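A short write-up of the structure that comes next.
Below, all heavy atoms of this structure are taken into account, side chains as well, without hydrogens, waters or symmetry copies. From a predicted model like this one, the values you see are computed outputs, not experimental measurements. The first residue of the sequence shown is numbered 1, and numbering continues consecutively from there.
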Amino acid sequence: MAGFDHFALACRDLQTGVDYVESLTGVRPAPGGPHPGVGTHNALLSLGTDVYLEIIAVDPEQPEPNQPRPFGIDDHDGLRLAAFAIHPGSEESIESVADVIRSHGTDPGPVSSMSRRKPDGEEISWRLTRSNRIGLVPFVIDWGDTPNPATVTPTGCSLVSVEGNDPDSVGIVELHSSLGLVSTVSEGPTSLRIVLDTPNGQVSLS
C-alpha cells in the first residue's frame, strides 16, 4: 500500500518558512536545494523514517518559470500546508498508484522526472505526478535509487496524524482507504492539517 511521503508547506520566502517551522517545533529544517526551471527552492525536516516536511518557496536566484510555481505559491501571500505526496508500496509502481487516484475521478497528472542539487553538490532525482492540486488529493512520488530525504534531514519530530476538510469528504475517505492512507477527513472548505510530536510538544501545522 502507498504511504505518506512528504507534506508541502508553501510560502513566498523560504527563510520565513524555516523560521516559522523552527519556532513551532524546536527543530530547524535544513536547506534542500533549488528546483531548476520550476522557480522554487526548499528546506526539509524529517517526520519519521520515510516521511518529511518540505518548506517550498520562491527561489529569487532563478528567472521567472514558464508555468506557475506549484502549490499556488504565486497566488497566496502567507504560509500554508498546501499538499502532500505519497510513495508507492513495495509491490506498486508510481503508475499503478496514479491509476488508483484516477479511478476515483481525479486526474493526478502526467508522470515527470525532476532533479535538484543538494548543498553538498550531490544531484538527486525522482519521478512524480504533476497536477498542481492542493488539499487532500495526493500527488505521487517515486525516489527510485535516491534515499528518501527523511533519512538525511534533521530529526526530532514525528508525524502523529493527518487531518483535513473537503467538500466531498466521503469521496476523499474512499480515496484514502483505497490508497491505504490513515487520515481523518470532515466535510468543509478544502484544508490540510498535520499533527506532530516535537521537542516543543504536540503541535499542528496547517
- Query: So how far is it from His176 NE2 to Ser183 OG, rounded to the nearest 0.5 Å?
  - Reply: 4.5 Å
- Residue list, side-chain contact (heavy atoms from CB on, under 4.5 Å) with Ser115, at least two apart or on another chain: Glu123, Ser125
- Task: Output the rest of the hydrophobic cluster of Met1: all Ile, Leu, Val, Met, Phe, Trp and Tyr residues reachable through side-chain heavy-atom contacts under 4.5 Å, sorted by chain and number.
- Result: none
- Message: Using 0.5 Å steps for rounding, measure from the CG atom of Leu47 to the SG atom of Cys157.
- Response: 6.5 Å
- Just jot down the side-chain contact (heavy atoms from CB on, under 4.5 Å) partners of Arg69, sequence neighbours excluded, or say none. Thr40, Val58, Glu64, Pro65, Ile73, Asp74
- Does Gln202 use its side chain to pair, donor to acceptor, with the backbone of Val195 at less than 3.5 Å? no
- Item | Donor-acceptor under 3.5 Å (Ser178 side chain, Glu174 main chain) | yes
- Message: I need the Phe4 CZ to Leu179 CG distance, nearest 0.5 Å.
- Response: 9.0 Å
- Message: If I take atom CG from residue Leu44 and atom CD from residue Glu54, how far apart are they, to the nearest 0.5 angstrom?
- Response: 6.0 Å
- Item | Sidechain-backbone polar pair: Asn148 side chain, Thr151 backbone, donor-acceptor under 3.5 Å | no
- Are the side chain of Asn42 and the backbone N or O of Ile55 linked by a donor-acceptor pair below 3.5 Å? no
- Query: With under 30° as parallel and over 60° as perpendicular, where do the rings of Phe71 and Phe139 fit, or are they tilted in between?
  - Reply: tilted
- Query: Any donor-acceptor pair under 3.5 Å linking the side chain of Asp50 with the backbone of Ala150?
  - Reply: no
- Message: Surrounding CG of Asp120 (heavy atoms of other residues, nucleotides or ligands, distance under 6.0 Å), is the total greater than 12?
- Response: yes
- Note on the structure: side-chain hydrogen bond (donor to acceptor under 3.5 Å, both in side chains) filter on Ser161, not counting sequence neighbours, yields Glu163
- Message: Enumerate the salt bridge (Lys or Arg N to Asp or Glu O under 4.0 Å) contacts for residues 86-101, please, sequence neighbours excluded, ordered by first and then second residue.
- Response: Glu95-Arg127, Asp99-Arg102
- Query: What residues form a side-chain contact (heavy atoms from CB on, under 4.5 Å) with Asp168, not counting sequence neighbours?
  - Reply: Asp166, Val170
